[in-house]
Asks: 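Pasting a structure here, questions to come.
Proteins come first, then strands; the chains are lettered A, B, ... in the order of their sequence lines, and each starts at number 1. In this text, all values refer to a predicted model and were calculated from it rather than measured experimentally.
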Amino acid sequence: MANDHFFPGDYFSSGLSAPFLGASYAQAPPSRSSGLDAAAMAFGLPWADQQLPGAADSSAATTTAHFDSALSSLVSSPASAFFAHGGEDDVAIGDLIGRLGGICNGASANNSCYSTPLSSPPRGPPLPPAAFRALETGRLSRVSSSKSLGAPATALEYAEAEASPNTSAMPDPPATTKGAARKRKAPAKCKAKAEPSPPLPATAVTNAIPKRPRVTDGGSSDENAAVPAKVELEEEKPEPVKDYIHVRARRGQATDSHSLAERVRRKRISERMKLLQSLVPGCNKITGKALMLDEIINYVQSLQRQVEFLSMKLSTMNPQLDLDGQYKPSKDMNQVTMPAYASDEPAGAFSYASSPADSFAMGSAVAHHGLELQGTFSWEHDLQSMVQMGGASSSSHSQDPHAFYGK
Amino acid sequence: MASTSSSTAVDERERKRKRTSGGESPAAGAEAQPSKWQTRREHEIYSSKLFEALRLVRAGSPASSTTTPARSRLVREAADRALAVAARGRSRWSRAILASRRRRLQAAHRARLRAPTVPPSRHPSAAGTSAAPGKASKTPALARKAKVLGRLVPGCHKLPFPALLSEASDYIAALEMQVRAMTALAEVLSSVSSSASASASGSSSSSPPPA
């Protein structure tokens, strides 16, 4: 089964966990013990290669089971052995992280979440070395303190500390551990979320992974507390990348609110831009705010120019409106209202169209007000002639104008 | 004439239908949505208001008392006011239009309009006046365009970007309706007047109305 490819039980029991741990570093970690490097080279590559092909199956439960078994085995035999060493702090950390990272990678690859966002095998192995590097910067104190507590407690508290929300569970000063916390959280989130939603940890991991090469140590503000927000960033991959570039502060709370507010603001702006895209013709192909703004500005200017032109046209036609301004509108308005709005014949007459959609509005309005403006008989004549030209139910209209101009 | 008017009506109908389907996207907010301007009811309301405004303009300035450009300006302002009234004060630009009419003199308004209209034409060329000449003008480009847009939409020159976008969408929808209404009105009037002239020349129908 694919599980065997990822977590071969014989690897655990055979005591080869040390090289297996090192095997998670496909790339040679910088300034690590050479023995681990050799083992990494030996085991890392085939192990990394086997990740993706087996991405089709293997439930999360088995992954978790393997993870637990691996963790326990790690904790029990080699970890304790490693932790017992005096100056092997970083090696132990690196092994643990590599273990967690490797299992997380396996989990994510198992659930075929790697293929969609990243689809590149070398992404898996870089996780532990980067985590390793980040860890060694800020976490040595913690490991050394935990070493006194005991190896099993260390590994378990390590994983569980990340499983709980970061802000509450991190006793360390936030300044020093942002980079490390980010890396640690990613694999822990893998573990925590492996059961409920397999894609989530993968997305967390894959979100973390492309950002690691970009952000060296400080810009992990998003990932620290906004993991659910980070998960929803998965759909918009270039956007979190931009977030990382801009947001460089190390204090978790401030950048969280900032980044969240930024995200909300950006979403609002994109909504409005989409609405504008539907309004402005010919903007379906245009992407980018600057070009869209150009189009919007052009369109608004053209509309305003059209209004200017039409107002000039109407001003020249205005004298034509009162050919005969003696008509008294007051008493005939009521009579005008009902027929004008009740039927769409005037509109049909005016527009010469069978189904006037907006000419109806124009026609009714004109019929409402225009009877007083036009010369009465000229209007009536025009109306009648147009109705006859329109053709439909002219009889009803031939009566109405007479009613309009009635006594 | 029949073909043009019918084609225009058909086009306007299609455009209204298309705009209605496209404008009903959920841009929910406290203010009115731009899809409000695409309903027939709104079109009727505006047409009647426009007609009233034109009547007032015509009554206010008897024929040949004002020159054509001044009259067209009056007509345009009346149309804009009618549009702002049709907006029922729910949008910032409509309030700005009505406020400007009420408070400021026309001359002062025109003088204020002269100044902002000049820079937008200069913007593509003189990019270094506001921003630092040395640094990349990529970042202020959006801000510059937003400023230009803010000057185009009345009363929105100091608005933050998202609010500016929503105001602009509402304003664009309202302007489209205004153009449609004025086009229809002009068409009706021209057709009526042409047929009136034809009928007047053709027959002697100039009898006085029955009292």
Asks: Find the one option among B/Leu149, B/Leu152, B/Val153 whose heavy-atom pairs under 4.5 Å with chain A are most numerous.
Replies: B/Leu152
Asks: Looking at every non-hydrogen atom in both residues, tell me the closest pair between A/Ser315 and B/Val75 and how far apart they are.
Replies: CB-CG2, 3.8 Å
Asks: I'd like to know if the side chain of B/Arg76 and the backbone of A/Ser311 have a donor-acceptor N/O pair within less than 3.5 Å.
Replies: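 Checked: no pair found.
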Asks: Between A/Ile296, A/Asp294, A/Leu291, which is the residue that forms a side-chain contact (heavy atoms from CB on, under 4.5 Å) with B/Lys145?
Replies: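 Of all the options given, the one that passes is A/Asp294.
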Asks: Quick one: list whatever passes side chain to side chain contact (heavy atoms under 4.5 Å, CB included) with A/Arg305, sequence neighbours left out.
Replies: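 Checked A/Arg305 against side chain to side chain contact (heavy atoms under 4.5 Å, CB included); matches are A/Gln301, A/Ser302.
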Asks: Quick one: what part of A/Gln277 sits under 4.5 Å from any heavy atom of chain B, side chain, backbone, both or neither?
Replies: neither
Asks: When rounded to the nearest 0.5 angstrom, what distance separates CE in B/Met177 from CG in A/Leu303?
Replies: 12.0 Å
Asks: Would you indicate whether the side-chain heavy atoms of A/Leu275 and B/Asp170 approach each other to under 4.5 Å?
Replies: no
Asks: To the closest 0.5 Å, what do you measure between CZ (A/Arg268) and CZ (B/Phe161)?
Replies: 13.0 Å
Asks: Atom CD in A/Glu308, atom CZ in B/Arg73: separation rounded to 0.5 Å?
Replies: 10.0 Å
Asks: If you measure from CZ on A/Arg272 to CG on B/Leu164, what distance do you get to the nearest 0.5 Å?
Replies: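 Spacing of CZ (A/Arg272) from CG (B/Leu164) equals 10.0 Å.
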Asks: Which distance, rounded to the nearest 0.5 Å, do you find between the CG of A/Leu279 and the OH of B/Tyr171?
Replies: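 Reported value, rounded in 0.5 Å steps: 14.0 Å.
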Asks: So for B/Ala79, is it side chain, backbone, both, or neither that comes closer than 4.5 Å to the heavy atoms of chain A?
Replies: neither
Asks: Would you compute the distance between atom OG of B/Ser72 and atom CG of A/Leu310 and round it to the nearest 0.5 angstrom?
Replies: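 The distance works out to 11.5 Å.
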Asks: Given that the side chain runs from C-beta out, which part of B/Tyr46 has a heavy atom under 4.5 Å from chain A: side chain, backbone, both or neither?
Replies: neither
